[in-house]
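The structure appears right after this line, and notes come after that.
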Amino acid sequence: MTKRTQPLLKLRIEGPGIRAGAISVPDLVRICQATQDAVTRQAEAMRGGQSLRPGPKSLEVYRECTLELAGIEKGSTVLPFNLAKLQQQLPMPELTTFGREVVREVVTAVKSIGSRKPRKSGFEPGLLDSLSEMGEVLNKDVTKIEWIVPGNGKRSIRAIFDRRVRERVLERIKAPSTRTETVEGVLEMADFKEQDHKCRIHPLVGQPIVCTFTSEQEQEIYDALRKPVRICGTATINSNNGKVESIAIKTMGVIEQLLIGAKEFHSGRSLQQLAEAQGVEPLNNPKVLVGGWPEGEDVDQFVEDIYSSRLT
């Protein structure tokens with residue numbers, strides 16, 4: 001790391017038991033793992049997936065958001081992190097990458113949780129879970145972890161993570177609630193393992209939903225595979241973001257393809273409700289949409305082709 005290049009993220013560890021430029025290996029491992037988990041899970045959510053989904057991380061998240069520890073800075077115990085993937089040099093400092101935006105979002109969330117007026121919108125359950133795990137290092141030796149995102153051409157961000165903030169994190173990790181839910185969509189797949197009866201419904205709007213069914217429903221599920229269906233059952237609702245995590249199917253019926261979403265046509269949803277139903281998040285930084293023209297393409301020829309097609 002050159003003197004001119006600031007790291008992507010810094011964690012300053014403080015406490016009576018911390019010596020300048022030193023940290024115990026167990027605390028180092030736990031802090032690094034929790035930091036990586038927080039970034040990974042936030043990235044999954046920003047891609048439109050589930051921040052607490054089981055299994056390995058997606059390929060894009062692995063490539064774009066894997067961190068590397070660049071050392072321990074002298075003068076105080078500061079852990080500097082960069083992205084492990086070699087980042088392409090951007091033409092303007094204010095432009096950013098997916099990995100950098102994820103890190104900024106994580107630190108912004110930590111800052112909001114610790115503020116006097118936390119934001120009203122929910123925090124990703126995966127991020128909260130990772131912060132809860134990081135909080136396990138807070139003891140008589142380690143009392144505070146400061147998250148720092150250096151400017152690097154943008155506004156810097158600082159957030160304090162201590163016992164008070166961890167208590168707020170734990171308060172937000174609520175037990176899921178349940179309610180009766182009716183969903184229409186295509187029955188994409190099913191698993192008929194003896195101890196794992198699951199299927200997946202892809203609704204007209206929003207992400208696919210994992211559903212469970214009983215042994216008595218096996219034939220009905222099998223006959224409806226790849227067909228449009230209407231299911232009704234007990235839905236498990238994530239109390240942090242209000243999203244449906246799964247549905248235990250009580251009744252199911254095959255419907256006509258044209259009837260999927262018919263009841264939504266006259267529902268009169270607002271733009272905010274439509275965005276929430278589809279899992280669309282606000283665009284915090286429009287500059288992430290900036291891209292270059294494909295290499296080898298002639299812009300003038302492209303414009304000429306467009307005008308020519310309108311005249312024919």
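The first residue of the sequence shown is numbered 1, and numbering continues consecutively from there.
Taking CG from Asp162 and CD from Glu167, the interatomic distance works out to 10.0 Å, rounded to the nearest 0.5 Å. Rounding to the nearest 0.5 angstrom, the gap separating the CZ atom in Arg158 from the CH2 atom in Trp147 is 14.5 Å. Residue Cys199 holds its SG atom at 4.5 Å from CD1 of Ile221, rounded to the nearest 0.5 Å. Here Gln207 contributes atom CD and Arg200 contributes atom CZ; the two are 10.5 Å apart, rounded to the nearest 0.5 Å.
Looking at every heavy atom in both residues, Leu28 comes nearest to Leu69 through CD1-CD2, 4.1 Å. The shortest heavy-atom contact between Arg163 and Lys140 is NH2-N, 3.4 Å. Between Val39 and Cys65 the shortest heavy-atom distance is CG1-O, 3.7 Å. Residues Phe98 and Arg47 share a closest heavy-atom pair of CZ-CG, 3.8 Å. Residues His202 and Pro208 share a closest heavy-atom pair of CD2-CG, 3.5 Å. Across all their heavy atoms, Glu188 and Arg226 have their closest contact at O-CG, 4.4 Å.
Ser112 places no side-chain N or O within donor-acceptor distance of the main-chain N or O of Ala109, the cut-off being under 3.5 Å. In this structure, Asp37 contributes its side chain and Thr35 its backbone to no donor-acceptor pair below 3.5 Å. Under a 3.5 Å cut-off, the side chain of Ser246 and the backbone N or O of Ala235 do not form any donor-acceptor pair. Arg12 contributes no side-chain N or O that, together with a main-chain N or O of Lys144, makes up a donor-acceptor pair within less than 3.5 Å. Remark: side-chain polar atoms of Gln36 are paired, donor with acceptor, to backbone N or O of Leu67 under 3.5 angstrom. At least one donor-acceptor pair closer than 3.5 Å links the side chain of Arg164 to the backbone N or O of Gly114. A side-chain donor-acceptor contact under 3.5 Å links Asn82 to the backbone of Leu8. Between the side chain of Thr77 and the backbone N or O of Ala22 there is at least one donor-acceptor pair closer than 3.5 Å.
Using a 4.5 Å cut-off on side-chain heavy atoms (C-beta onward), Phe123 and Val169 make no contact. Annotation: side chain of Leu128 is not in contact with side chain of Ser51 (no heavy-atom distance under 4.5 Å). In this structure, Ile201 and Ile231 have side chains that are in contact, with non-hydrogen atoms separated by less than 4.5 Å.
Residues Ser130 and Arg41 bring a donor and an acceptor atom of their side chains to less than 3.5 Å of each other. Counted by atom type alone, Glu44 and Thr40 present zero donor-acceptor pairs between their side chains at under 3.5 Å.
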Does Glu73 form a salt bridge (charged side-chain N to carboxylate O under 4.0 Å, His left out) with Lys10? I'd like the steps, not just the answer. CA-CA 10 Å; Glu73 293 186 356; Lys10 290 183 178 183; 3.6 Å; yes
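Annotation: Tyr222, atom OH; neighbour count of heavy atoms from other residues, nucleotides and ligands within 6.0 Å does not exceed 12.
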